[in-house]
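Read through the structure below, which is laid out as structure tokens, and then see the notes.
From a predicted model like this one, the values you see are computed outputs, not experimental measurements. One-based numbering along the sequence shown.
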Amino acid sequence: MPPQPPMYGAAPVTPMNPSDEKMWATLIHVGGVLGYFLPSLIGYIILKDRGPFIRSHAMTALNFQLTILIVTVVGLALTAIFIGFIVLFAAWILNIVFSIMAALAANRGQFYTYPLTIKFLS
């Protein structure tokens with residue numbers, strides 16, 4: 001009789017090679033420009049156990065995107081007094097600029113810390 005797989009517990013997670021970690025970290029940061037917090041959330045949930053580099057980048061991207069989400073909600077609330085449009089524009093520009101800077105750092109194999117970010121995950 002062949003050996004049976006364990007009934008409980010997940011299969012062991014295999015670590016990624018460094019080039020795959022850099023690629024996925026870059027995609028998570030670029031995804032923040034297009035999909036706000038969803039690419040970083042999905043990347044964090046799926047890839048956090050695949051290596052320290054991808055975990056760090058997914059976590060920092062998720063923290064930044066959640067911060068941008070909060071700023072966007074506040075900006076939407078402030079549109080009633082017209083200052084919200086400035087807040088929304090600034091959040092949009094900061095999201096693009098910092099996400100591109102983080103993607104470039106990830107592609108070079110460097111760690112990156114977003115400025116002006118609330119740490120939800122550590």
Side-chain angles (χ1 to χ4, degrees):
M1 189 167 182
Q4 298 293 323
M7 294 189 66
Y8 301 104
V13 178
T14 58
M16 284 185 183
N17 63 29
S19 64
D20 285 346
E21 279 191 283
K22 288 193 304 187
M23 178 195 65
W24 281 108
T26 302
L27 290 174
I28 286 171
H29 290 297
V30 171
V33 174
L34 305 173
Y36 290 101
F37 73 95
L38 286 178
S40 55
L41 177 64
I42 293 168
Y44 182 76
I45 291 171
I46 294 174
L47 302 173
K48 69 180 176 184
D49 298 326
R50 302 291 300 270
F53 185 77
I54 189 68
R55 178 181 174 82
S56 173
H57 276 278
M59 181 180 56
T60 57
L62 183 56
N63 283 334
F64 178 70
Q65 293 302 328
L66 290 175
T67 302
I68 290 293
L69 179 66
I70 291 171
V71 171
T72 302
V73 169
V74 169
L76 287 172
L78 291 175
T79 56
I81 57 173
F82 299 109
I83 195 165
F85 295 111
I86 297 170
V87 172
L88 290 173
F89 183 72
W92 179 66
I93 293 296
L94 290 176
N95 188 17
I96 292 171
V97 171
F98 290 149
S99 293
I100 290 172
M101 290 172 60
L104 291 173
N107 195 30
R108 288 189 303 263
Q110 300 171 343
F111 289 93
Y112 184 80
T113 303
Y114 285 94
L116 309 170
T117 301
I118 301 169
K119 282 196 167 194
F120 296 101
L121 304 170
S122 57

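Hydrophobic clustering (ILVMFWY, side-chain heavy atoms < 4.5 Å, transitive): L94 and L104 are in one cluster. V30 and I96 fall into different hydrophobic clusters, defined by Ile, Leu, Val, Met, Phe, Trp and Tyr side-chain heavy atoms under 4.5 Å apart, directly or through other members. One hydrophobic cluster holds both I100 and I93 under the rule that ILVMFWY side chains link at heavy-atom gaps under 4.5 Å. F111 and L62 sit in two unconnected hydrophobic clusters of ILVMFWY residues. Membership requires side-chain heavy atoms under 4.5 Å apart, directly or through other members.
Within a 6.0 Å radius of CZ in F89, other residues, nucleotides and ligands contribute 12 heavy atoms or fewer. Atom CD1 of I83 has 12 or fewer neighbouring heavy atoms from other residues, nucleotides or ligands inside a 6.0 Å radius.
Annotation: side chain to side chain contact (heavy atoms under 4.5 Å, CB included) contacts of T79 (sequence neighbours excluded): F85, L88. Taking the side chain to side chain donor-acceptor pair (under 3.5 Å) definition, one finds that H57 meets it with H29, sequence neighbours left out. I86 pairs by the side chain to side chain contact (heavy atoms under 4.5 Å, CB included) definition with nothing, not counting sequence neighbours. Every residue two or more places apart in sequence or in another chain that forms a side chain to side chain contact (heavy atoms under 4.5 Å, CB included) with L47 is listed here: M16, W24, I28, R50, I54.
The backbone N or O of P52 lies less than 3.5 Å from no partner atom in the side chain of S56, so there is not a single donor-acceptor pair.
Summarising the geometry, atom NZ belonging to K119 is positioned 6.5 Å from atom CE belonging to M59; distances are rounded to the nearest 0.5 Å.
In this structure, P115 and F98 have side chains that are in contact, with non-hydrogen atoms separated by less than 4.5 Å.
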Donor-acceptor pairs under 3.5 Å, side chain of residues 31-44 to any protein atom, not counting sequence neighbours: which ones?
from: S40; atom 1: OG; to: F37; atom 2: O; distance (Å): 3.0

Check residues 67-77 and write down every donor-acceptor pair under 3.5 Å in which the side-chain atom is one partner and the other belongs to a residue at least two apart or another chain.
from: T67; atom 1: OG1; to: N63; atom 2: O; distance (Å): 2.9
from: T67; atom 1: OG1; to: I118; atom 2: N; distance (Å): 3.0
from: T72; atom 1: OG1; to: I68; atom 2: O; distance (Å): 2.8

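When all heavy atoms of F53 and A25 are compared, the pair lying nearest together is CE2-CB, 4.0 Å. K22 approaches N107 most closely through the heavy-atom pair CD-O, 3.8 Å. The two residues A61 and Y114 have their closest heavy-atom pair at CA-CE1, 3.7 Å.
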